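Written out below as C-alpha cells is the structure these notes cover.
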Amino acid sequence: MDGGGMRKVSSHCSIPEIDDFDLSKLLDKPRLNIERQRSFDERSLSELSIGLNRVSVENFDHIYSPGARSGLDTPASSTRNSFEPHPMVAEAWDALRRSLVHFRGQPVGTIAAYDHASEEVLNYDQVFVRDFVPSALAFLMNGEPDIVKNFLLKTLQLQAWEKTVDRFKLGKGAMPASFKVLHDPVRKTDTIVADFGESAIGRVAPVDSGFWWIILLRAYTKSTGDMSLAESPECQKGMRLILTLCLSEGFDTFPTLLCADGCSMIDRRMGVYGYPIEIQALFFMALRCASAMLKHDAEGKECIESIVKRLHALSFHMRSYFWLDFRQLNDIYRYKTEEYSHTAVNKFNVIPDSIPEWVFDFMPCRGGYFIGNVSPARMDFRWFALGNCVAILSSLATPEQSMAIMDLIEERWEELVGEMPLKICYPAIENHEWRIVTGCDPKNTRWSYHNGGSWPAACIKTGRPQIARRAIDLAETRLLKDGWPEYYDGKLGRFIGKQARKFQTWSIAGYLVAKMMLEDPSHLGMISLEEDKLMKPLIKRSSSWTC
C-alpha cells in the first residue's frame with residue numbers, strides 16, 4: 001500500500017520524567033530525591049471495578065521531576081548523576097543511530113540488524129515491533145521521545161489495514177510483526193510495507209506485537225508526562241481492538257491465551273504451543289497498562305470491566321499452576337492421576353513419569369520460577385527468561401515469587417548466565433527431540449540461544465542490582481569486540497552464533513538500557529508496575545523459603 005494515503009505524524013511532546021517507585025530504599029546507589037505519590041496505575045483493580053462510573057482519565061496522578069537532558073551522544077542519566085560512562089556506551093549509541101529508519105524525513109524505528117557482512121538481508125532490514133522496544137526505551141531515557149511517538153502512531157495506522165494470509169483474513173486489531181520503509185528516489189516518495197505474517201518465515205502472525213505496543217505506549221506516557229497521545233481517539237481505539245481480539249470468549253476453560261508456536265519472540269518452532277509463559281506475562285502486563293490508560297467512556301468502561309475480570313482469573317491461574325519450587329516439584333512427583341470432580345489436586349492430569357530428569361537437579365532448595373507451559377496432561381518445565389522477568393516487572397509474580405526467581409538465577413548462574421547473559425531458554429532441546437520439535441531448524445540448534453534483554457530491570461525491581469552489574473561486566477568484555485552479535489552458542493555462551501547477525505539492534509539497545517537503568521533506577525517507573533495489593537489470591541503452593 002502506498003504511504004501517500006497515510007496521515008502525517010505530529011512529533012510535538014513535552015518531556016517531564018515520571019516514576020512510580022521509591023527505589024532509594026532498595027538499591028546500593030546514592031539516595032534519589034524522588035517525591036512519591038500514588039499514580040493511577042497503582043490503584044487496585046477492585047477500585048477500578050467499583051469506581052468505573054466516577055473515575056475519569058483526568059484523575060491520573062503523575063509524578064515527574066523536570067531536569068535538563070544531556071546531549072544526544074551520551075545517556076542523559078550519565079551526565080545527571082556524574083557517572084563515568086564506559087567507552088562502549090558511545091560506540092553503542094553510534095551503532096544504534098546507524099540503525100534508524102526514516103519515513104518522510106521523520107525517524108519511525110530501528111532496523112533489526114545493521115550487518116553489512118551478511119550475504120542475505122532477509123527481513124533484518126525491517127522495523128520489528130518487539131525488537132524496537134529496547135531501542136525505544138533507550139531513546140526515552142535519553143530524552144528523545146519523538147521517535148517513539150512516531151513509531152507508535154505509524155504502527156497504529158498499520159493496525160487499521162485489513163490483512164489476509166493466503167486468502168484467510170486476520171482478526172481485527174492484529175498488529176504487524178514488522179514493517180519496511182521503501183524509498184523511491186525518482187518519485188521522491190516513501191512507502192511503508194507491513195508484514196502481518198504473510199511474508200514471515202513459517203507464516204506465523206505475532207501475538208505479542210499488540211501487547212508490546214500497549215506496554216510501550218504506557219512507557220512513553222510515563223516517561224514524558226504527555227497524556228495526549230494515549231488519550232487520543234486513535235490510541236484508545238487501538239487498545240480496545242487489541243484487547244477485544246484477546247479477550248473474546250470461546251471454548252477455552254483457562255484464562256490464559258492460547259497461542260501457536262512461533263507467535264512471539266521465540267519466532268521458530270520450540271514446542272511452546274499452548275499457553276507459553278512469555279505470552280501470558282505480556283498479556284497480563286498489557287492488560288494492566290491498558291486499564292490505566294483507557295478512558296472511562298461507554299466503550300472504555302466495557303473494556304475495563306472485561307480487563308478486571310480477566311486479570312483476577314489470570315493472576316490466580318498463573319500464580320497457582322505455573323509456579324514451581326522445590327516443594328511443589330515434590331508434590332507433582334507424588335501426584336495421583338485420573339482424578340475427577342472439583343476436589344482433584346492434579347487438575348490437569350499430569351503424569352508424574354512425564355517430569356524430565358534434568359529438572360530434579362536444576363531445581364535448587366532455595367528459589368523457583370514460572371514454568372514454560374501448562375496444559376492438559378503436559379507441563380513444560382523449561383526456564384524462559386523473558387516470561388519470568390516480565391512477570392516480575394508486571395507484578396504477575398508476588399514479591400515472594402519475584403525474590404525466588406532471582407534466587408534461582410543466582411543459584412544456577414553457570415547454567416542460565418555462563419559467559420554471555422542471559423539464556424532465553426534452559427535447557428536446550430537436543431538430539432532426536434530437537435529433530436521432532438523444531439523440524440531440524442538450523443536456527444534453533446542445540447545450545448544456541450538469544451540474549452535476554454529484560455532482566456536488568458527485574459534485578460533492580462527486586463533490589464538485586466548487583467546481579468545485573470555482574471552480568472553487564474561479562475557482556476562488556478565481549479559485545480563490542482564481537483560486533484554486537486544477535487546471539488551466542490554453546491552451553492556457556494562462549495561462541496558467536498553460527499547464524500547470528502552482527503550489529504543486532506536489540507543487543508546494542510539492550511546494553512544501553514541496562515546501563516542507563518542501573519545508573520538512574522528511577523527509569524524503572526516507565527516499564528514496571530507496582531503490585532495490586534487487592535489482587536492477592538490464596539496461594540496453596542509452597543514458598544521456596546521453607547524447603
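Here, residue 1 is the first one in the sequence, and each next residue gets the next number. What you see is a predicted model, and the numbers here were worked out from it, not measured in a lab.
- By the 30° and 60° cut-offs, the orientation of the rings of Phe254 relative to His317 is tilted.
- Remark: the Asn349 side chain and the Thr337 side chain contain no N/O donor-acceptor pair separated by less than 3.5 Å.
- With Ser395 as the fixed residue, the side-chain hydrogen bond (donor to acceptor under 3.5 Å, both in side chains) test singles out one of Glu531, Gln401, Glu530, Lys461: Lys461.
- For Trp506 and Phe128, the distance between ring centers is not under 6.0 angstrom.
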Chi angles and distances behind the side chain to side chain donor-acceptor pair (under 3.5 Å) call for Tyr487, Gln499
CA-CA 9 Å; Tyr487 60 91; Gln499 296 197 30; 5.6 Å; no

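- The two residues Met88 and Leu479 come nearest to each other via the heavy atoms CE-CB, 4.0 Å.
- When all heavy atoms of Leu422 and Ala385 are compared, the pair lying nearest together is CD2-CB, 3.7 Å.
- Contact record, Thr256 with Arg310: O-NH2, 3.8 Å, taken as the closest heavy-atom pair.
- Residue pairs satisfying the side-chain hydrogen bond (donor to acceptor under 3.5 Å, both in side chains) criterion with at least one member in residues 273-283, sequence neighbours excluded, are listed as follows: Asp252-Tyr275.
- Side-chain contact between Phe284 and Val390: absent, with no pair of heavy atoms (C-beta onward) separated by less than 4.5 Å.
- Classification of the Phe362-Tyr369 ring pair by plane angle, with boundaries at 30° and 60°, yields perpendicular.
- When side chains are defined from C-beta on, Ile472 does not count as touching His86, because their heavy atoms never get closer than 4.5 Å.
- Taking the six-membered ring where the residue is Trp, Trp447 and Tyr426 present tilted rings, their angle falling between 30° and 60°.
- Under the 4.5 Å side-chain criterion, counting only non-hydrogen atoms from C-beta, Met270 is not in contact with Asp441.
- Counting only heavy atoms from C-beta outward, the side chains of Pro465 and Arg469 approach each other to under 4.5 Å.
- Distance check: Leu311 CG to Leu287 CG gives 4.5 Å after rounding to the nearest 0.5 Å.
- For the residue pair Tyr488 and Glu419, no side-chain donor N or O sits within less than 3.5 Å of a side-chain acceptor on the partner.
- Gln504 and Tyr124 share no side-chain donor-acceptor pair at under 3.5 Å.
- Using a 4.5 Å heavy-atom threshold, the side chains of Phe384 and Val272 count as touching.
- Judged by the 6.0 Å and 45° rule, Arg470 forms a cation-pi pair with Trp413.
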